[in-house]
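Chain letters run A, B, ... following the sequence lines, proteins first, then strands; residues in each count from 1.
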2 protein chains.
Amino acid sequence: MTMAKRDTYTPDSLLAVAVEVFNERGYDGTSMEHLSQAAGISKSSIYHHVRGKEELLERAVGRALEGLFAILDEPGAVRGRAIERLEFVTRRTTQVLMAELPYVTLLLRVRGNTRTERLALARRREFDQRMAGLLTAAVAEGDLRADMDVKLATRLLFGMINSLVEWYRPGAGARADEEVAAAVVRLAFDGLRT
Amino acid sequence: MTMAKRDTYTPDSLLAVAVEVFNERGYDGTSMEHLSQAAGISKSSIYHHVRGKEELLERAVGRALEGLFAILDEPGAVRGRAIERLEFVTRRTTQVLMAELPYVTLLLRVRGNTRTERLALARRREFDQRMAGLLTAAVAEGDLRADMDVKLATRLLFGMINSLVEWYRPGAGARADEEVAAAVVRLAFDGLRT
DNA sequence: GTGTCCCGACCGAACATTCGGTTAATCTAG
DNA sequence: CTAGATTAACCGAATGTTCGGTCGGGACAC
């Protein structure tokens, strides 16, 4: 029994609207009035679907973290030489970031003002550490330059990937997205120089 | 006749305090009460030194932009092969970012909610375009890989540099700072691989 | 006629900013 | 050297506004 199309909101469809506005104005810069206008329903109606503003943030960052951590369980991330796993995770992280752009964008901008935000920051740090482990392994296997601090390299690599949220906009097609992911991997591992 | 040291605030010394708080809590997440507590003076006293919250933001992003644009006028940025100028600007941008960290951090987090913020965003875009011009020239001179979209490469390069504001913390000494700048240049131009 | 979805009216709290002053240091005239 | 004027720096209390959230009720589908 498939449900007929509804023009009412579900918590998730409302979330999609809210996250767009959060990313445009910043979470703290967004009022419930802003959200209600963007969603086309009244402020009070929002509270019919979600408990409040913070629940929207919680759902959004949760979804982003879910997508990112799932990468680490994919076969390409657990088998093979460290450098191959690292390249895989780099490419997949870029792809997930593009696919879940609004949610990841919000995740990368939380500042730690509330418990929800601090929890998100902790999970992000955990992901970073898993990544740093891959770098270390790849250096040990002799496939990565040893003349650079691993933590520093991890941060720069991540910084490059995460910067996608500042400029990437979807809609140019799967081909274009593939090109972006490939460029990230190429730049990270082989550099800009001829 | 040098002025004796005063323990009172000037607009600039107050700015330094304010920017720290802005970066910790986010601009929109910071109340004047937060600022007054951090500065150790009352809320109303802040208005003796600056016109309001937005003037503090204005001064901060102005200072950051000043530092960044100054790089483009330095000799190393106007003379020599394009790739050398590009490497110079990459290194210098990293250094300025570290030296003016709190101000640049604030600049990079501006969302465009007010006229002040939109002005800052426009100036940032201008800087990016100057940078993209250097990339294009370096490709034309055959020193940069041609198999990557220039705009894409510019954004990734910048994303890597700008990500410093997320993790770099000063105080490890000039030697350590030099190492960071060198790592950025090496990673950007030669990649991670052995 | 009950549950889902929505609304306008409303609330207390927090917000940026203003106002009417006080304090303490500096300057100025005799 | 000092009394009086001036000023920068500051404060507590209050202003109007906006905030996130609540409430009681209406429409309408099943």
Side-chain angles (χ1 to χ4, degrees), chain A residues 1-61 106 110-117, chain B residues 1-61 106 110-117:
Chain A
M1 218 182 284
T2 62
M3 196 186 279
K5 200 196 159 210
R6 304 252 241 113
D7 62 343
T8 63
Y9 279 112
T10 65
D12 269 3
S13 66
L14 183 60
L15 177 64
V17 174
V19 169
E20 290 296 331
V21 185
F22 284 159
N23 285 332
E24 246 179 63
R25 319 185 63 102
Y27 176 74
D28 284 318
T30 303
S31 71
M32 295 305 273
E33 186 63 39
H34 289 140
L35 289 187
S36 83
Q37 275 162 22
I41 61 176
S42 78
K43 207 164 48 121
S44 44
S45 296
I46 293 176
Y47 289 88
H48 178 72
H49 302 285
V50 294
R51 225 167 320 133
K53 195 181 175 185
E54 190 156 11
E55 182 179 331
L56 289 165
L57 179 65
E58 208 173 312
R59 282 172 180 266
V61 300
L106 202 53
V110 312
R111 305 294 329 142
N113 288 344
T114 65
R115 206 182 49 87
T116 303
E117 300 191 21
Chain B
M1 222 179 283
T2 62
M3 195 187 278
K5 201 196 156 207
R6 305 253 242 113
D7 63 344
T8 64
Y9 278 112
T10 65
D12 269 5
S13 67
L14 182 61
L15 177 63
V17 175
V19 168
E20 289 297 329
V21 185
F22 285 157
N23 285 331
E24 246 179 63
R25 318 184 66 100
Y27 176 73
D28 285 317
T30 302
S31 72
M32 294 304 271
E33 185 64 38
H34 289 139
L35 290 188
S36 84
Q37 274 164 21
I41 61 177
S42 80
K43 226 175 7 150
S44 44
S45 297
I46 294 176
Y47 290 88
H48 179 72
H49 300 285
V50 293
R51 226 168 317 138
K53 196 180 173 186
E54 192 157 10
E55 182 179 329
L56 288 166
L57 180 64
E58 210 173 311
R59 280 171 181 268
V61 299
L106 200 53
V110 146
R111 303 296 331 144
N113 288 343
T114 65
R115 206 181 49 88
T116 303
E117 299 189 22

Any ring pair (Phe, Tyr, Trp, His ring centres under 6.0 Å) pairs touching residues 12-45 of chain B, not counting sequence neighbours?
B/Phe22-B/Tyr27
How many Å lie between CD on B/Glu54 and P on C/dC15, as a whole number?
18 Å
What I'd like to find out is whether the side chain of B/His48 reaches to under 4.5 Å of the side chain of B/Tyr9, using heavy atoms alone.
no
Measuring to OP1 and OP2 of D/dC11, would you say a side-chain N or O of B/Ser42 lies under 4.0 angstrom away?
yes
Answer yes or no: side-chain N or O of A/Ser44 and base N or O of C/dG8 forming a donor-acceptor pair under 3.5 Å.
yes
So do the side chains of A/Asp12 and A/Arg59 get within less than 4.5 Å of each other, counting heavy atoms only?
yes
OP1 or OP2 of D/dA8 versus the side-chain N and O atoms of B/His49: is any pair under 4.0 Å?
no
Grab the N/O contacts between the protein and nucleotides 17-20 of chain D below 3.5 Å, and write none if there aren't any.
residue, atom, partner, partner atom, Å
D/dG20, OP1, A/Thr30, O, 3.0
D/dG20, OP1, A/Lys53, NZ, 2.8
D/dG20, OP2, A/Met32, N, 2.6
D/dG20, N7, A/Lys43, NZ, 3.4
D/dG20, O6, A/Lys43, NZ, 3.4

DNA chain D: 5'-proximal contact among A/Gly52 and B/Gly40 (nearest heavy atom)
B/Gly40
I'd like to check the side-chain hydrogen bond (donor to acceptor under 3.5 Å, both in side chains) partners of A/Gln37; sequence neighbours left out, ordered by chain and number.
A/Glu33
Taking NE2 from A/His48 and P from D/dG26, how many angstroms apart are they, rounded to a whole number?
18 Å
Expressed in angstrom and rounded to an integer, what is the separation of B/Glu55 atom CD from C/dT17 atom C1'?
14 Å
Tell me: CD1 of A/Ile41 to P of C/dC7, nearest whole Å?
6 Å
Side chain to side chain contact (heavy atoms under 4.5 Å, CB included) between B/Thr30 and B/Leu35, worked out
CA-CA 7 Å; B/Thr30 302; B/Leu35 290 188; 3.7 Å; yes
Is there a side-chain contact between A/Val19 and A/Leu56, using heavy atoms and a 4.5 Å cut-off?
no
